[in-house]
Amino acid sequence: MLSITDIDRPPDWQGAADAVARDGGVAVVLGAVDTGKSTLCRFLAHCCAEAGRKPAILDADLGQSWLGPPTTIGFALVDSTTPPDHGTEPAGMWFVGATSPQGHMLQTAVGVRKMADAARRAGADCIIVDTSGWINGPAARALKEAKIALLAPGHIIAIQARDEIQHLIAPHASRTDVQVHTVRASRRARRRDMDQRRRHRGEQFRNYFAGAAELALPLGQIGVLGTSLLSGTAAPSHVRSYAEELLGIECFHAEMTEERLLLVCEQYPQPGAIEALREQFPDQEVAVLPLRAIRGGVVGLSDAQEHLLGIGVLTDVDFKANSLRVITPVAAADAVATVTMGTLRLQPDFSELGPVEVRWP
Ligand SMILES: Nc1ncnc2c1ncn2[C@@H]1O[C@H](COP(=O)(O)OP(=O)(O)OP(=O)(O)O)[C@@H](O)[C@H]1O
Ligand SMILES: [Mg+2]
């Protein structure tokens, strides 16, 4: 990323920075893709540090993330006037599990607030929030509204070329507790196409997973979030063999509650087979989870106090060995208390494969 002296400062950037440095608190930066949001955040952090504040940058962009790997929200404390850069070790991270907030609005909103609270606890008196360039439409607006409500910023800084951010900032114009600044993008802001963005994410993942190894996490010792898998009781063996007969495939695992029957197999059964099984269990929700569809899925590994230790790639759920196998740079398997299932799948070389094809049951 650019050094501070190389950042071009359109005239209205300094005024916004002075106001943020004066007041501290939370400043949310909004803008379309490639408008220079991350650059502005680094500039704001630099100005705040120069004014004697203890700023933090909170990177709430899941795809073009630079504090922590893609799929996470991270924050870094800025303890000198040199702002954080790609590769700066985040002081805290939150796992969302996808590179876009669409379909993960709650996890994103929760994560933003959790990380802002953590930054404050870590001593930040000024939190600068970098957001994604997803600004159009009702869903994007709902997420930005939620972020603003949860963060209670004193300043909103909108990089606006024409009037594209207006629908996000107009509702706050009459508030007395937040000051809205509209600033211009630098002429030096450069566009990247979808391919470059994807390649950039691939590079981020590869850097993150350099030196990663496979961990076996004992199923009995971890909680699993993002799915109901492993929350039921083992189905009686006659239920499992009956299900195998109707599905026509082997089931590695069968669990049930009063409401549902969940079976884990290697692949999907033949069309119609699940329906035949559902007819036999009309009072329960019947779900089949094919391992083939979830291998390569990104997961978050957290300790017993909900701190994200790192992310990993699921390689197997091994019911014979009773363990979850994950490739991760996290070294201490003992420290992992919960695993959160994401929805993005990676290839063995850590490039993106696409979303997990099944909904986690
Ligand atoms: N003020 C500036 N001075 C010099 N270069 C800039 C400036 N603003 C943006 N750029 C350049 O434009 C590119 C995009 O900037 P940046 O990454 O900050 O945008 P962004 O809005 O955060 O993008 P994204 O939507 O991908 O998160 C970068 O190469 C950056 O160096
Ligand atoms: Mg950015």
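We count ligands from 1, going down the list as the structure has it; atoms in each ligand are counted the same way. Quick caveat, the model's predicted, so the values are computed rather than measured. Basis for what follows: all heavy atoms, side chains included, without hydrogens, waters or symmetry-related copies. Throughout, numbering of the chain's residues begins at 1 and tracks the sequence.
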Look at ligand 1 and say whether [X] reaches it with a heavy atom at a distance under 4.0 Å.
| X | value |
| --- | --- |
| Arg192 | yes |
| Gly133 | no |
| Phe43 | no |

Closest heavy-atom pair and its distance - [X], [Y]:
| X | Y | answer |
| --- | --- | --- |
| Pro69 | Thr72 | O-OG1, 2.6 Å |
| Phe252 | Cys265 | CE1-C, 3.8 Å |
| Pro55 | Cys48 | CG-CB, 3.9 Å |

N or O pair under 3.5 Å between Leu2 and ligand 1: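 No; every N/O pair is 3.5 Å or more apart.
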Any N/O pair Ser38/ligand 1 closer than 3.5 Å: yes
The Mg ion (ligand 2) to nearest N/O/S of Ser38 less than 2.8 Å: yes
Nearest-contact summary for [atom] - protein heavy atom, Å:
| atom | answer |
| --- | --- |
| atom 27 (O) of ligand 1 | Asp61 OD2, 3.3 Å |
| atom 23 (O) of ligand 1 | Asp34 N, 3.4 Å |
| atom 1 (N) of ligand 1 | Asp8 O, 2.8 Å |
| atom 14 (C) of ligand 1 | Arg190 O, 3.6 Å |

Nearest-option assignment for atom 18 (O) of ligand 1, heavy atoms, candidates Thr39, Ile7, Val33: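 It is Thr39 that holds the nearest heavy atom.
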Proximal candidate to atom 11 (C) of ligand 1 [heavy atom criterion; set Lys37, Met1, Arg188]: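 Closest candidate by heavy-atom distance is Arg188.
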Hydrogens and angles aside, do [X] and [Y] bring a side-chain donor and acceptor to less than 3.5 Å of each other?
| X | Y | answer |
| --- | --- | --- |
| Gln166 | Gln160 | yes |
| Trp66 | Asp85 | no |
| Ser231 | Arg260 | yes |
| Asp12 | His181 | no |

Region of Asp130 engaging ligand 1 - heavy atom pairs below 4.0 Å: neither
Below 4.0 angstrom from a heavy atom of [X], which ligand 1 atoms are there? Numbered from 1 as shown, please.
| X | answer |
| --- | --- |
| Arg197 | 24 (P), 25 (O), 26 (O) |
| Gln64 | 26 (O), 27 (O) |
| Trp13 | 1 (N) |

Parallel, tilted or perpendicular: ring planes of Phe319 versus His253, cut at 30 and 60 degrees: parallel
Aromatic plane relationship, Phe43 with Trp13 - under 30° parallel, 30 to 60° tilted, over 60° perpendicular: tilted
His104 (side chain) donor-acceptor with Ala98 (main chain) under 3.5 angstrom: no
